**Student:** 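The following block contains the structure, expressed as structure tokens.
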Amino acid sequence: QVHLTESGGGSVQSGGSLSLSCSASKSDHFSFCMGWFRQIPGNKREGVASIDDYGATDYAESVKGRFIISQDNATNTMYLQMNRLEPEDTAMYYCAAHLYDKGGYVDCKADYDYSDWGQGIQVTVSS
């Protein structure tokens, strides 16, 4: 079980940038796959980006070249830098994580089926 807390977000005009952070209370005895999802009310949740503990990343096509996912293993914090934001990026953004045994393997992709979720944080982009 991982406790996740998002911060950052807010409102910005189209073309602007925002940064999200996710603080994770997790054990270093496990490997992890972590990522960001987003959801607009009434729509399906969309995987945005993922990162594993080797630093391998994956992005949804809609955000490639604009968003950057990163992690600081020393502080167990994951980040999402969002650049060139568009009104279509407006959504509730969720941090997610899945821990697994070291030596194991998961296909850590942007749409991974995570086991633990944060409460979500709103991102609003105005035109």
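For clarity, every value in this text was computed on a predicted model and none was experimentally measured.
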**Student:** Tell me the closest heavy-atom pair linking R66 and R84, and the distance in Å.
**Tutor:** NH1-O, 2.9 Å

**Student:** State whether the number of non-hydrogen atoms from other residues, nucleotides or ligands found under 6.0 Å of D107 atom CG is greater than 12.
**Tutor:** yes

**Student:** F37 and ring-ring contact (aromatic ring centres under 6.0 Å, His included): which single residue from Y112, Y93, Y94, Y114 fits?
**Tutor:**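 Option passing the ring-ring contact (aromatic ring centres under 6.0 Å, His included) with F37: Y114.
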
**Student:** What's the verdict on side chain to side chain donor-acceptor pair (under 3.5 Å) for S11 and Q122, showing C-alpha distance, side-chain angles and the deciding distance?
**Tutor:** CA-CA 8 Å; S11 299; Q122 180 67 35; over 6 Å; no

**Student:** Where is the tightest heavy-atom contact between L18 and G9, given as atom of each residue plus distance?
**Tutor:** CD2-O, 3.8 Å

**Student:** Report yes if some heavy atom in the side chain of L20 is under 4.5 Å from a heavy atom in the side chain of V123; otherwise report no.
**Tutor:**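 Yes, close enough: below the 4.5 Å cut-off.
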
**Student:** For residues M78 and M34, report the shortest heavy-atom separation together with the two atoms involved.
**Tutor:**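 Between these two residues, the closest heavy atoms are SD-CB, 3.6 Å.
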
**Student:** Search all heavy atoms of G47 against all heavy atoms of A60 and return the closest pair with its distance.
**Tutor:** O-CB, 3.3 Å

**Student:** Disulfide bond (SG atoms under 2.5 Å apart): which pairs involve residues 39-80, sequence neighbours left out?
**Tutor:** none

**Student:** For E6 and C95, work out which heavy atoms get closest and say how close.
**Tutor:**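 Heavy atoms only, the tightest pair is OE2-N, 2.9 Å.
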
**Student:** Side chain of D101, backbone of G104: donor and acceptor closer than 3.5 Å?
**Tutor:**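 Checking the backbone N and O of G104 against the side chain of D101, no donor-acceptor pair under 3.5 Å is found.
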
**Student:** Looking only at heavy atoms, which two atoms of S17 and N83 are closest? And how far apart?
**Tutor:** OG-OD1, 3.0 Å

**Student:** Treating S23 as the side-chain partner and T5 as the backbone partner, does any N or O pair qualify as donor plus acceptor under 3.5 Å?
**Tutor:**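 Answer holds: no.
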
**Student:** Do other residues, nucleotides or ligands put more than 12 heavy atoms under 6.0 Å from Q13 CD?
**Tutor:** no

**Student:** Can you tell me which residue among L80, D58, T57 is in a side-chain contact (heavy atoms from CB on, under 4.5 Å) with I51?
**Tutor:** T57

